[in-house]
Enquirer: 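Mind looking over this structure? Questions follow.
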Amino acid sequence: MNKKTRVVVGLSGGVDSSVAAHLLIEQGYEVIGMFMKNWHDESVTISNECPWMEDSTDAMLVAEKLGIPFQAIDLSGEYRERIVDYMFAEYEAGRTPNPDILCNREIKFDIFLKAAQKLKADFVATGHYCQKGEILVNGEPVYQLKAGADSNKDQSYFLCQLTQEQLAKALFPIGHLQKSEVRQIAKDLDLITAEKKDSQGLCFIGKVRLPEFLQQQLKPKRGPIIQIPDDLPVFSKYKIPAGIDPSELDQTTLDNLSLPIQYQKGQGKVVGENNGAHYFTIGQRKGLQVGGTGKPLFVIATDTRENVIYTGLGEDHPGLLRYALFVKNDQVHWIRRDLSLSPGQTARYQARIRYRQPLSAVTLIQKENGLYLLFDEPQKGIASGQFVAWYEGDECIGSGTIF
């Protein structure tokens with residue numbers, strides 16, 4: 001081999017990407033470190049928590065220690081356009097976005113990948129806890145997105161929107177390791193990031209106060225908080241009829257099971273006031289500031305047009321639980337395109353609707369208008385705008401945005 005395979009590593013200034021870069025050097029790749037500056041609005045960043053300048057410096061010091069070239073690129077314009085504007089629009093519409101999943105699809109494995117390819121890179125690498133497999137299907141290579149070996153840190157859910165073309169160019173050097181092993185490698189190498197805490201903020205935004213972040217664009221407005229009783233007749237439509245095979249359900253029953261209930265103000269009683277329905281998400285219990293209810297109140301629906309928050313008492317309220325969800329055709333994404341369903345076909349997988357949620361058994365039913373997912377056990381807090389990802393064993397097969 002005359003020319004070394006060139007990899008550009010997204011150095012975030014954290015321990016995971018630092019160790020990823022080291023492992024690639026050990027494996028004989030030509031490695032370049034690149035820091036992405038994606039967000040810099042000091043007005044909403046919590047003071048001194050994960051500011052991008054500190055991260056950029058740490059990334060540069062790691063590159064220096066490892067003896068690899070380093071550069072920083074400013075992607076803040078693209079980030080605002082593709083991630084921040086999307087978040088504002090989704091919250092304004094009363095939906096629950098997942099910026100981390102979008103950031104991977106739109107920034108790290110699209111804009112960043114293109115920047116790496118300008119440097120004649122063969123691959124990009126990140127410090128994600130997930131693994132990549134490769135199999136042959138009809139003689140053609142097909143790439144697999146698999147869970148990380150550390151089940152507590154598995155980040156495959158955040159990558160559930162990647163395509164075959166993106167996976168072909170991706171490397172995940174730490175996916176086979178436990179977090180403790182990654183930290184130990186960093187300590188042994190005396191890397192500045194060895195003891196650095198994991199960032200918990202939005203993808204690359206740093207630690208951000210979400211309400212203030214939203215309030216920049218979404219102005220507060222007053223509206224009622226309404227408590228919905230748990231015996232509304234509509235809740236009976238939300239149960240799968242006993243003894244029926246999910247694949248035999250008719251369209252009306254599927255829609256009843258999977259589409260969000262549209263509540264009316266007259267169905268419950270006013271128990272408080274909110275300062276903007278767009279600041280709340282389904283399943284939320286904090287921030288309602290309604291006392292004297294005994295059990296906690298949970299948000300079961302929001303109406304951003306009328307500025308109403310609908311709540312239910314207790315975590316077993318039927319308004320919080322759903323057996324099914326729907327993904328419109330243009331929002332269905334198959335990582336494994338060879339396994340995609342045609343109208344009338346069904347499949348059995350396991351699925352999750354949020355990071356770190358245990359996988360639940362699910363039946364996928366493809367209809368002309370989109371994909372229905374029927375869970376064996378009811379799911380708590382299904383919200384429009386979230387991503388659902390389905391798996392076979394430890395492999396993520398596909399995903400979609402919940403309607």
Side-chain angles (χ1 to χ4, degrees), residues 93-96 222-327 351-354 357-358 360-363 365 370 372-386 388 402-403:
R95 292 158 62 83
T96 304
R222 310 300 289 175
I225 297 173
I226 292 177
Q227 183 183 332
I228 295 290
D230 58 13
D231 57 357
L232 281 190
V234 71
F235 292 138
S236 62
K237 290 182 176 177
Y238 261 51
K239 293 193 171 67
I240 295 176
I244 289 186
D245 181 340
S247 60
E248 291 170 8
L249 294 172
D250 60 47
Q251 188 77 45
T252 306
T253 308
L254 283 173
D255 286 339
N256 284 340
L257 286 166
S258 58
L259 299 183
I261 294 177
Q262 304 299 317
Y263 296 98
Q264 307 298 320
K265 288 186 200 169
Q267 290 174 310
K269 62 178 184 184
V270 176
V271 291
E273 199 176 37
N274 75 75
N275 65 346
H278 44 253
Y279 301 141
F280 290 83
T281 60
I282 291 171
Q284 185 173 335
R285 58 176 281 193
K286 291 183 176 159
L288 286 167
Q289 294 173 327
V290 176
T293 55
K295 292 185 196 169
L297 281 176
F298 289 84
V299 176
I300 60 172
T302 61
D303 180 344
T304 53
R305 196 170 293 141
E306 296 284 323
N307 201 37
V308 183
I309 292 174
Y310 294 100
T311 62
L313 197 58
E315 56 187 327
D316 50 0
H317 189 280
L320 260 187
L321 304 170
R322 277 198 5 223
Y323 273 96
L325 58 84
F326 175 65
V327 180
R352 58 168 56 104
I353 55 169
R354 55 181 70 87
Q357 180 193 32
S360 297
V362 68
T363 302
I365 303 171
Y372 292 85
L373 284 82
L374 274 71
F375 291 90
D376 292 8
E377 300 293 329
Q379 300 297 299
K380 196 175 289 178
I382 292 175
S384 297
Q386 283 175 322
V388 57
I402 299 171
F403 179 73

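Count residues from 1 along the sequence. Computed from a prediction, not measured in an experiment: that's the story for all the values here.
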Enquirer: Show every side-chain hydrogen bond (donor to acceptor under 3.5 Å, both in side chains) that has at least one partner inside residues 242-265, sequence neighbours left out.
Expert: Asp245-Ser247, Asp250-Thr253, Gln251-Tyr372, Asp255-Tyr372
Enquirer: Counting only heavy atoms from other residues, nucleotides and ligands, does the tally under 6.0 Å from CZ of Phe235 exceed 12?
Expert: yes
Enquirer: Among Ile228, Thr311, Ile261, Ile226, exactly one meets side-chain contact (heavy atoms from CB on, under 4.5 Å) together with Ile300. Which residue is that?
Expert: Ile228
Enquirer: Is it true that, when you exclude Arg305 itself, more than 12 heavy atoms of the residues, nucleotides or ligands shown sit nearer than 6.0 Å to its CZ?
Expert: no
Enquirer: Is the count of non-hydrogen atoms from other residues, nucleotides or ligands lying under 6.0 Å from Gln289 atom CD greater than 12?
Expert: no
Enquirer: According to side chain to side chain donor-acceptor pair (under 3.5 Å), who are the partners of Thr304, at least two apart in sequence or on a separate chain?
Expert: none
Enquirer: Answer with yes or no whether the side chains of Gln357 and Gln379 bring together a donor and an acceptor at under 3.5 Å.
Expert: yes
Enquirer: Applying salt bridge (charged side-chain N to carboxylate O under 4.0 Å, His left out) as the test, list every pair that has at least one member in residues 308-320; sequence neighbours left out.
Expert: Glu315-Lys380
Enquirer: Just jot down the side chain to side chain donor-acceptor pair (under 3.5 Å) partners of Arg352, sequence neighbours excluded, or say none.
Expert: Tyr391
Enquirer: Would the distance check show the side chain of Arg354 and the main-chain N or O of Gly381 forming a donor-acceptor pair, the cut-off being under 3.5 Å?
Expert: yes
Enquirer: Compare every heavy atom of Val362 with every heavy atom of Leu373, then report the nearest pair and how far apart it is.
Expert: CB-CG2, 3.8 Å
Enquirer: Do the side chains of Leu320 and Ile382 get nearer than 4.5 Å, heavy atoms only?
Expert: no
Enquirer: Would you say Asn274 and Arg222 make side-chain contact, with heavy atoms under 4.5 Å?
Expert: no
Enquirer: Quick one: side chain to side chain donor-acceptor pair (under 3.5 Å) partners of Asp230, sequence neighbours excluded?
Expert: none
Enquirer: If you look at every heavy atom in Leu257 and Ile240, which pair is closest and at what distance?
Expert: CD2-N, 3.8 Å
Enquirer: Would you please name every residue forming a ring pair (Phe, Tyr, Trp, His ring centres under 6.0 Å) with Phe280, sequence neighbours left out?
Expert: none
